[in-house]
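Please read the structure below before turning to the comments.
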Amino acid sequence: MNKLTTRAADYSQWYNELILKSGLADQSAVRGCMVIKPYGFALWENMRNVLDKMFKDTGHENAYFPLFIPKSFFSKEASHVQGFAKECAVVTHYRLKNSEDGKGIVVDPESKLEEELIVRPTSETIIWHTYKNWIQSYRDLPLLINQWANVVRWEMRTRAFLRTSEFLWQEGHTAHATKEEAIEEAEKMLHVYADFVENFMALPVIKGVKSPNERFAGAIETYCIEALMQDGKALQAGTSHFLGQNFAKAFDVQFLNKDNKKEFVWATSWGVSTRLIGALIMAHSDDEGLILPPKIAPVQIVIVPIYKSEEKKALIKEAANALVKKLQKENIRVKFDDRENERPGWKFAEYELKGVPLRITIGEKDLEKNQLEICRRDTKEKQFIALDTDVDFYTNRLQNIHDNLFAKAKAFQQQQITPANSLEEMQQILEQKGGFVSAHWDGTALTEEKIKELTKATIRCIPLNNPLEKGICVYSQQESSQRVLFARAY
RNA sequence: CGGGGCGUAGCGUAGUCCGGUCCAUCGCGCCUGCUUUGGGAGCAGGAGGUCGCAAGUUCGAAUCUUGCCGCCCCGACCA
């Protein structure tokens, strides 16, 4: 009855329905923004906690910088401002008043700000303004800071989780004494992201670097992880940038080295956002609802009781509560849904929609046999096991679901990387099959733009450790030294 | 910014072409009661509405006219 619109019919509609019905988020009153509901936020919190620990384990500390950035800060790094100028929310006034005709509220023209404030689209400028005061000596380096925050980008077209006007993210901003150390940092964080996305979200990614066209505004090199969605479109899941000395020079951040000489610091920045939730939804879910990877699922196991008589109800609750305690002791996030106003069938469908990895059913018949029914969300496979089954069974089963999700997504990703040796072949693959197209490229921005014009596909990345292979560019017929990955992207 | 679609109860909708029989249809949800409970329960009763906003045409507007606002999709755009 509540089955979702099929993916084949309309992928966008399927995706939007999934978000609304599963209780992750609501549409908000503000264009392109969204309300993240408790269930969606619990998911984000789990992701955030894992990432935060990874950052701390690699020597980073958290800090917080202001939401508002004076407009003048943006004029300091030319390519950076060019990249963001078209999508900024600007604060121009600070007061409202009742309108003259008494019919509402208007902005008080008297309250105009002398200098406008920009709602941060990213924090590079205000952070580097601050770093100037924090860094004097080589002893102050490296400076390894991360910030959890919200940012605003006034994109022309928005998409739930993937491109919202306001979104939550973390942004790391580091300063180093040498170029080598900064590059190492940028690469290290890329690997941290890949580790997280693959081992906690069960989503295989391709690590690589961006072509100059697709680079972050102000970066020398942009490293990225690219994921593939079920409709064959690619999604940038995270980026890490080597910024060179661009921001240090723009904000005059220098340090005295051991030889008592002034040098500009070397910088990196890196970030992932709530967009990852969108990636998760699009990569794993089916027409019954979400399928959440066990390691970050807000609820890993849900227990649904089934009973007719009051007397049996008490016995089932007793068994269920004992099981809850047993599982919680192993830090399994378990929920016993003993609501009496919803029927079992309703609960089954509900938790499938919400993507809970494992569902346990304990009924009167089961209790008599000292057993319970366990059903996994990914394969729908059901099985009866003894009530006193060891906790290891459950932890293994959760791990198994993770492995299965990853393997399935990995197989799809591999099957969706197709080599092409001509533009026609490339177009055909993009139209009929989708996914990544591995093709020779002459390395010029012009060619990349032309290919984008003709095929709507962009270079998603040049994979790390990409094998060199002599060939001919699919567009210009010029010599090429390697294949790169093209795809249509979100 | 261009093209398309939409705005009626918490959600989803019928009615709009061709004004009256609409103090507005149906489903989900909600409230009360009883029966139910192993895959989104059944019956009975009930609550809930500035028909996006404003002005106009008319004896009469959800329906026609004008203006405005908002949302969604596609495109352009997008670390």
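No hydrogens, no waters, no symmetry mates; every other heavy atom, side chains included, goes into these values. A note on names: the letters A, B, ... follow the listed sequences, proteins ahead of strands, and every chain is numbered from 1.
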Base, sugar-phosphate or nothing for [X]? Non-hydrogen atoms, less than 4.0 Å.
X        : result
A/Arg215 : sugar-phosphate
A/Thr122 : nothing
A/Ser12  : sugar-phosphate
A/Lys365 : base
A/Ser269 : nothing
A/Trp169 : base
A/Glu364 : base
A/Gly83  : nothing

Has [X] got a side-chain N or O lying under 4.0 Å from the OP1 or OP2 atom of [N]?
X        : N     : result
A/Asn341 : B/C30 : no
A/Arg157 : B/C78 : no
A/Arg359 : B/G38 : no

In whole angstrom, give me the gap between the [atom1] atoms of [N] and [M].
N     : M     : atom1 : value
B/A55 : B/C31 : C1'   : 40 Å
B/C51 : B/G3  : C1'   : 28 Å
B/G27 : B/U66 : P     : 36 Å
B/G12 : B/G29 : P     : 15 Å

Residues [X], [Y]: salt bridge by 4.0 Å N-O rule:
X        : Y        : answer
A/Lys233 : A/Asp231 : no
A/Arg359 : A/Asp337 : no
A/Lys71  : A/Glu116 : yes

For the side chain of [X], counting heavy atoms from C-beta on, which of [options] is nearest?
X        : options             : value
A/Ala349 : B/A76, B/G40, B/C72 : B/G40
A/Glu352 : B/G39, B/C77, B/G38 : B/G39
A/Glu350 : B/G40, B/G38, B/G39 : B/G40
A/Thr361 : B/C78, B/G38, B/C72 : B/G38

Checklist entry - Got a second to check how far A/Arg460's CZ is from A/Glu214's CD, nearest 0.5 Å? => result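 It is 5.5 Å, given to the nearest 0.5 Å.
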Item to check | Pairing residues for A/Glu364 by the side-chain hydrogen bond (donor to acceptor under 3.5 Å, both in side chains) criterion, not counting sequence neighbours | outcome: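 Partners of A/Glu364 under the side-chain hydrogen bond (donor to acceptor under 3.5 Å, both in side chains) test: none.
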